[in-house]
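Below: one structure, written as structure tokens.
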Amino acid sequence: MTITGRVLVLLALGIVPVVLQPDPVTPWAWALVVAVVVALDVALAPSLRDLEVTRSPVGSIRLGTGATSRLLVRNRGSRAVRLALRDAWQPTAGAAGNRHDLRIAPGGGARAATPLLPRRRGDLRAAGVTLRVRGPLGLGVRQRTVDVPGSVRALPAFDSRKHLPSRLARLRELDGRSALRVRGQGTEFDSLREYVRGDDVRSIDWRASARTRNVVVRTWQPERDRRVVVVLDTSRTSAGRVDDVPRLDSAMDAALLLAALASRAGDRIDFLAGDRVVRRRLRTGGGTSVVHPLSEAMADLGPVIAEADWRTLAGGVQELGRRRALVVLLTPLEPASIEEGLLPVLPTLTRHHRVVVASVRDPALDALAADRSDVDAVYAAVAAEQTAARRRATADLLRALGADVLDTDAERLPPVLADHYLALKARGQL
């Protein structure tokens with residue numbers, strides 16, 4: 001039980017009997033009377049044991065989007081109940097309006113809806129539901145906290161979804177399914193058509209031409225049913241924040257856009273995440289419903305304060321299959337960790353696969369390098385130039401070993417990676 005502010009007012013009114021009867025016993029007698037009244041008020045309050053609370057499942061939502069937790073409170077008793085309810089969640093769930101005043105008739109029920117706006121990925125759980133009912137005089141309060149299990153799964157934000165329609169239009173052009181016909185440079189035969197000026201003479205089908213009066217050429221379509229392996233680095237370097245967003249979250253956004261595009265292109269998506277060990281592995285069987293299982297696989301991943309063991313991650317890629325694939329390594333382009341960890345094992349990957357290293361670049365480096373306003377700014381600019389030069393040297397080493405390097409800011413990384421995938425597909429290099 002607990003008390004309300006009315007008890008303090010009632011105790012303050014004890015000044016009147018003290019003035020009328022100035023005796024040392026009077027204050028204690030008044031306090032005893034107040035205590036008895038409060039206890040009687042609590043005893044007359046409706047019982048909380050007659051209240052039954054259930055919660056509807058919330059499910060999964062994207063980070064940054066809202067959800068609603070709904071509670072149903074049933075009154076199994078014979079008295080009407082007026083209660084205050086607090087639906088408590090862990091702080092990162094963003095439960096704003098979680099306090100509700102309800103009035104429930106005997107045998108009836110009432111609903112309470114709490115809006116949620118998660119601020120981090122993963123499973124966010126309810127902490128408990130607190131119920132309060134006042135006595136008839138409003139002096140004492142019965143309070144009880146019940147455990148009503150509930151959780152909401154916050155999936156990675158997919159802000160780069162806005163780039164998907166334009167990339168799908170380009171993909172349709174490559175496949176020849178749009179009104180604008182663009183001849184693919186793949187290796188899968190598509191159809192025969194008459195030769196027009198500008199066609200590659202190596203595409204002429206002499207046997208088909210001999211059966212007709214016109215010269216006929218073969219057309220090709222971009223390869224389908226290729227493998228795309230996305231490797232997500234969850235080591236300590238992925239914990240860095242760029243524009244107040246962790247590098248890991250920006251890499252997840254790029255992975256989701258690439259997976260959505262590649263699945264529409266008819267390619268298979270495999271996913272691997274880890275640092276010193278493989279944290280998550282996902283194999284898909286094709287189809288277009290890849291984004292949701294990939295989001296579920298990445299939902300509770302977080303940076304680990306450890307260096308990445310690229311031998312383990314490269315071994316995980318090989319375990320997914322020996323068939324040639326496009327391997328996308330989403331890892332920060334930090335010279336020390338790349339030179340000591342990735343460079344020694346990169347030749348093993350490039351020998352069997354097409355490798356792309358995609359990294360989030362901090363635009364603050366360019367801003368520091370361009371600032372010459374005072375002496376301190378000049379020193380900061382020199383440090384920024386040295387850091388940028390080391391990143392460029394590391395990127396050159398990766399390219400020399402056969403990898404493609406994409407180093408751009410967080411907002412541009414998803415579309416740049418998608419465009420690179422389309423360019424490889426158009427050139428038949430997957």
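Not measured: the values here are computed from a predicted model. Every heavy atom of this structure was used, including side-chain atoms; hydrogens, water molecules and symmetry mates were not.
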Whether Asp366 and Arg361 form a salt bridge (side-chain N of Lys/Arg under 4.0 Å from carboxylate O of Asp/Glu) is what I want to check. yes
Between Arg391 and Asp407, does any side-chain N to carboxylate O distance fall below 4.0 Å? yes
Strictly by modelled atom types, are His100 and Asp87 linked by a side-chain donor-acceptor pair under 3.5 Å? no
Exercise: do Arg247 and Thr237 side chains pair donor with acceptor under 3.5 Å: no
Would you say CZ of Arg79 has more than 12 non-hydrogen atoms from neighbouring residues, nucleotides or ligands within 6.0 angstrom? yes
In terms of side-chain geometry, is the basic nitrogen of Arg390 or Glu334 positioned less than 4.0 Å from the acidic oxygen of its partner? no
Under the side-chain hydrogen bond (donor to acceptor under 3.5 Å, both in side chains) test against Asp419, which residue among His163, Arg412, Arg167 passes? Arg167
Does the salt bridge (Lys or Arg N to Asp or Glu O under 4.0 Å) test come out yes or no for Glu307 and Arg236, once each step is laid out? CA-CA 6 Å; Glu307 294 290 345; Arg236 64 172 185 83; 2.5 Å; yes
Can you name the nearest heavy-atom pair linking Arg279 to Thr234, along with the distance? CG-OG1, 4.1 Å
With heavy-atom distances below 4.5 Å as the criterion, would you say the side chains of Asp50 and Asn75 are in contact? yes
Does a salt bridge link Asp249 with Arg121, judged by any charged N lying under 4.0 Å from a carboxylate O? yes
Under 3.5 Å, is there a donor-acceptor pair linking the side chains of Asp253 and Ser160? yes
Do Asp267 and Lys425 meet the salt-bridge criterion of a basic N to acidic O distance under 4.0 Å? yes
Do Ser373 and Asp371 have side-chain atoms, one donor and one acceptor, less than 3.5 Å apart? yes
